[in-house]
Amino acid sequence: MIERGTLTDEFVRFNKASLRLHYGIHHSDATIQTKLGLAEPKGFLTVHDQEIVAGAVGYRWPITLRRHRALPAAGIGEIAVLPSHRRRGLLRALLREHLRESAEEGCAVAVLNASEGGIYGRFGYAPVTADCTHSWDTRGAGLRPSPSGPAPGYTVDMPGAELLRTVLPGLFAAYQRATPGELERSAPWWRARWDSPEAVGAAQDTHHVLVRAPDGTASGYACWHRPTAWSLGSGAGPVVVEELVALDHHTVRALLTCFAELDLCSEVILRRRPLADPVRRQLDDPRRMRVAEVNDRLWARVLDVPAVAEACLTLLDAPLTLLVHDTDGRPPAQWDIVPGADGPRCVGSVRRAVDLELAIDDLTAVLLGAATAPELAAVGRVVEHTDGSTLILARALAASSRPHCSTAF
Ligand SMILES: CC(C)(COP(=O)(O)OP(=O)(O)OC[C@H]1O[C@@H](n2cnc3c(N)ncnc32)[C@H](O)[C@@H]1OP(=O)(O)O)[C@@H](O)C(=O)NCCC(=O)NCCS
């Protein structure tokens, strides 16, 4: 019933109609072509009943799981079923095909952005990152002095489009490889970012500031715009920072100072920030930067337990045996994970007694650093059969930072 193929005009029409029907989004054909051009070339899944009645699009990119440690991820997006064909199992069939194919092709993790929170848990996906909007009252705002004294001479400027196109992809790549949860942005993604920003969910008409370290190398950037037009008497207005990427803390400071000192601006809205944003800790008064909105962003599902466990549990100091409950009628799987000189080894087994029992979505949340085993044990999502095994798992992940994903798809 499921067909897999390349991008067709019929799929573009289906996607355009679905966006209007389900989300009220009106994109031009050109924007849709650009957006769908970022998908895996043979990643277009459809179900026909005379015409396309259900469809989805597959993507492939590396995802950073630990600092400088990435594995291939399979994304699915643009999922839509015509209202006339809903609740007949078409979404389930699309996902089954996507997960089967992605696992066969060696993807370690499956990821998606969910339109609603109640749909994808049943397929083994867990929310692993949150997008947070901070509202920062910059009137009289100050930054805390650095413990090592005044920062060296970092500079902030607004370079022309040509330089931005050259520098930003490399800066983001350096940040992405060091940040768990971030997806790689390909050259076509960056082309779309400049030529058709809507296609990658970016605001039109953004300005950019670029930070340079004292030796002149670029060390970070921010994209921003003013959402409201100024009129005489309206005074200072808000500025929206869509993306802030910094490779070191001096750069964070330089960017915050730049926005705190902007003329005709009393509020800086920072979008797509992590929930526990370390940026706030640079402020004299952290309460001036309030959380205005939180939404889950990346949902993930481990496809290859050994690969992800070995990539993530690098600090494992004692053997662990996990019993992992899967979805879609698959039997539970037992995994032995043992520490080793070259890193942990994870093998399927039934030899040892089970230490911890949990579902695949909760295992995903723990391995990707979105939740800890003790937190999930406290709410009954991780069952500890051997005393202390929850802490062994938590210790093995102690060095990981909470994941963040700033690329929507
Ligand atoms: C959401 C949507 C894709 C579901 O497709 P569908 O073919 O009706 O789904 P299925 O019949 O395969 O349902 C599979 C399971 O998901 C459940 N489900 C489907 N839609 C759901 C929803 N909106 N909320 C909660 N559960 C939902 C079904 O009850 C079923 O559960 P079960 O098999 O465990 O009993 C479809 O209604 C749609 O296109 N909606 C508008 C666009 C959208 O939200 N797309 C998702 C983008 S992330």
Side-chain angles (χ1 to χ4, degrees), residues 1-4 7 10-27 31-32 35-36 38-40 43-61 63 73-102 107 109-131 181 183 198-201 272 294-301 303 325-332 359-362 364-365 370 405-409:
M1 155 169 90
I2 305 284
E3 294 162 51
R4 172 180 286 275
L7 181 58
E10 189 192 14
F11 195 95
V12 171
R13 285 196 298 276
F14 174 75
N15 183 250
K16 188 173 183 178
S18 300
L19 289 172
R20 291 176 58 190
L21 181 68
H22 298 303
Y23 305 101
I25 295 174
H26 297 253
H27 276 336
T31 300
I32 288 181
K35 180 170 59 105
L36 297 179
L38 301 175
E40 199 204 346
F44 293 85
L45 298 176
T46 48
V47 179
H48 278 83
D49 182 4
Q50 324 265 2
E51 55 177 354
I52 298 178
V53 294
V57 176
Y59 302 85
R60 294 276 192 276
W61 340 250
I63 184 171
I76 188 164
E78 310 296 336
I79 302 172
V81 175
L82 284 189
S84 52
H85 287 68
R86 63 194 282 281
R87 303 303 183 270
R88 298 184 193 177
L90 296 186
L91 167 67
R92 185 174 284 281
L94 289 167
L95 274 175
R96 188 177 286 158
E97 167 64 14
H98 168 70
L99 294 173
R100 184 194 62 74
E101 176 99 10
S102 307
C107 292
V109 182
V111 293
L112 54 77
N113 298 154
S115 62
E116 290 184 84
I119 306 178
Y120 296 104
R122 61 169 56 71
F123 302 110
Y125 288 85
V128 292
T129 76
D131 264 12
L183 302 168
E198 269 192 310
V200 290
R272 297 185 181 169
V294 185
N295 283 301
D296 54 79
R297 164 61 63 191
L298 196 73
W299 289 60
R301 184 204 201 282
L303 296 174
H325 293 274
D326 212 321
T327 58
D328 215 14
R330 283 182 285 265
I360 188 73
D361 55 328
D362 293 314
T364 302
C405 182
S406 42
T407 306
F409 57 94

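Just so we're clear, the structure is a prediction, and the values are computed from it rather than from any experiment. In each ligand, atom 1 is the first atom listed, and ligand 1 is the first ligand listed.
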Q. Can you pull the salt bridge (Lys or Arg N to Asp or Glu O under 4.0 Å) pairs that have at least one residue in residues 74-95, sequence neighbours excluded?
A. Lys35-Glu78, Arg92-Asp328
Q: Compute whether any side-chain donor of one residue and acceptor of the other, for Arg4 and Thr46, lie under 3.5 angstrom apart.
A: no
Q: Compile the protein residues with any heavy atom at a distance under 4.0 Å from an atom of ligand 1; present them by chain, then by number.
A: His22, Tyr23, Ile79, Ala80, Val81, Arg86, Arg87, Arg88, Gly89, Leu90, Leu91, Arg92, Asn113, Ser115, Glu116, Gly118, Ile119, Tyr120, Arg122
(Q) Among residues at least two apart in sequence or on other chains, which ones pass side chain to side chain donor-acceptor pair (under 3.5 Å) with His48? (A) Glu3, Glu10
Q: Give the C-alpha distance, both sets of side-chain angles, the deciding distance and a yes or no for side chain to side chain contact (heavy atoms under 4.5 Å, CB included) between Leu91 and Ile119.
A: CA-CA 10 Å; Leu91 167 67; Ile119 306 178; 3.6 Å; yes
Q: Using the salt bridge (Lys or Arg N to Asp or Glu O under 4.0 Å) rule, collect all pairs that involve residues 16-27, keeping only residues at least two apart or in two chains.
A: Lys16-Asp29
Q. Relative to the ring of Tyr59, is the ring of Trp61 parallel (under 30°), tilted (30 to 60°) or perpendicular (over 60°)?
A. parallel
